[in-house]
**Q** 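The following block contains the structure, expressed as structure tokens.
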Amino acid sequence: MENNFTIADLYSFIKDSFGIKAIPQTIIKQINRFSLNYKMSAKEIARCICYYQEVKKCKLDPLYGIWFVPNVREQAAEYFRQLELDQQKQAIEAKKVAEYQDNNIIFNIKSLQHKKREPKQLDINSVNIKGDSND
């Protein structure tokens with residue numbers, strides 16, 4: 001999720017997550033309460049919903065809304081913090097691999113294998129022995 005995640009983005013995310021066409025009044029009230037009482041951003045609420053649904057594998061029910069958000073806030077924050085750290089580590093490793101490959105020549109060993117050579121046959125008549133002349 002991007003840094004400038006808005007309430008409109010949150011509403012769209014909730015519609016997709018719950019599989020609904022309109023945001024119920026219950027959820028709107030919950031969002032307002034979480035924003036005012038807990039000082040939660042739209043992005044933080046969306047991350048809690050994502051964590052609850054995808055990591056904890058819990059079902060979402062529009063009837064009850066997003067009541068669980070404050071309960072999973074810390075776990076979701078830790079999960080996404082670790083996820084970002086892992087992504088940073090992967091990016092650093094990928095950069096190292098790219099730099100390593102740029103500084104090294106990579107050979108395709110199969111292409112370097114030569115075809116078997118047939119041994120040259122020696123013509124006994126063309127061999128000159130010292131002191132022997134063919135004229």
Side-chain angles (χ1 to χ4, degrees):
M1 292 178 209
E2 51 203 47
N3 289 338
N4 53 357
F5 197 78
T6 65
I7 290 291
D9 295 328
L10 176 60
Y11 286 171
S12 178
F13 177 76
I14 290 172
K15 288 178 195 175
D16 291 343
S17 297
F18 281 83
I20 54 179
K21 294 182 192 242
I23 305 289
Q25 197 61 35
T26 308
I27 294 178
I28 292 172
K29 287 178 183 178
Q30 289 169 330
I31 291 170
N32 290 335
R33 190 174 72 234
F34 300 151
S35 297
L36 294 173
N37 295 351
Y38 298 102
K39 307 285 188 242
M40 293 181 77
S41 67
K43 180 178 180 178
E44 190 175 11
I45 294 170
R47 283 183 163 189
C48 289
I49 295 168
C50 181
Y51 175 81
Y52 185 78
Q53 183 180 29
E54 294 181 15
V55 177
K56 292 191 70 142
K57 305 286 185 206
C58 296
K59 288 242 180 220
L60 298 176
D61 187 345
L63 183 63
Y64 301 111
I66 55 174
W67 62 270
F68 54 85
V69 166
N71 300 336
V72 299
R73 184 180 188 183
E74 293 301 318
Q75 297 147 332
E78 180 58 34
Y79 172 77
F80 281 98
R81 193 173 14 256
Q82 188 61 48
L83 199 62
E84 288 170 0
L85 288 173
D86 292 346
Q87 288 173 344
Q88 289 172 356
K89 285 179 187 174
Q90 285 178 345
I92 290 168
E93 287 300 315
K95 187 176 178 183
K96 284 181 185 176
V97 168
E99 287 174 1
Y100 178 77
Q101 288 178 346
D102 286 346
N103 294 329
N104 292 296
I105 299 171
I106 299 172
F107 292 101
N108 182 350
I109 300 301
K110 289 183 181 178
S111 69
L112 295 177
Q113 292 177 343
H114 298 289
K115 294 180 182 177
K116 287 185 178 178
R117 296 184 200 167
E118 291 294 323
K120 290 185 180 177
Q121 292 187 352
L122 187 60
D123 182 10
I124 218 65
N125 294 329
S126 67
V127 175
N128 231 352
I129 301 176
K130 261 188 177 177
D132 212 13
S133 83
N134 287 345
D135 7 57

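Values reported hereafter were calculated over all heavy atoms of this structure, with side chains retained and with hydrogens, waters and symmetry mates removed. Residue numbers count from 1 along this sequence.
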**Q** To the nearest 0.5 Å, tell me how far K15 NZ sits from L10 CG.
**A** 11.0 Å
**Q** Within the distance-only criterion (no hydrogens, no angle test), does the side chain of D9 pair as donor or acceptor with the backbone N or O of T6 below 3.5 angstrom?
**A** yes
**Q** Applying side-chain hydrogen bond (donor to acceptor under 3.5 Å, both in side chains), run through D86 and Q90 and close with a yes or a no.
**A** CA-CA 6 Å; D86 292 346; Q90 285 178 345; over 6 Å; no
**Q** What distance do L63 atom CG and F18 atom CZ have between them, rounded to the nearest 0.5 Å?
**A** 10.5 Å
**Q** Which residue is it: I49, I28, L60? I am looking for the one with a side-chain contact (heavy atoms from CB on, under 4.5 Å) to I14.
**A** I49
**Q** Kindly indicate, with the supporting measurements, whether the criterion side-chain contact (heavy atoms from CB on, under 4.5 Å) is fulfilled by R81 and E78.
**A** CA-CA 5 Å; R81 193 173 14 256; E78 180 58 34; 3.2 Å; yes
**Q** With side-chain contact (heavy atoms from CB on, under 4.5 Å) as the test, pick out the partner of I66 among T26, I31, D61.
**A** I31
**Q** Within the side chain of R33, is there an N or O that forms a donor-acceptor pair under 3.5 Å with the backbone of Y38?
**A** no
**Q** Between S17 (side chain only) and F13 (backbone N and O only), is there a donor and an acceptor less than 3.5 Å apart?
**A** yes
**Q** Mind checking the NZ-SG spacing from K56 to C48? Nearest 0.5 Å is all I need.
**A** 11.0 Å
**Q** Say you draw a straight line from CZ of F34 to CD of E44; how long is it, rounded to the nearest 0.5 Å?
**A** 11.0 Å
**Q** Just how far is it from atom CZ of F5 to atom CD1 of I45, taken to the nearest 0.5 Å?
**A** 9.5 Å
**Q** Regarding E84 and R47, does a basic nitrogen lie under 4.0 Å from an acidic carboxylate oxygen?
**A** yes
**Q** Got a second to check how far Q25's CD is from Q30's CD, nearest 0.5 Å?
**A** 11.0 Å
**Q** Measure up the Y51 and Y79 rings against each other and bin them: parallel (under 30°), tilted (30 to 60°), perpendicular (over 60°).
**A** tilted
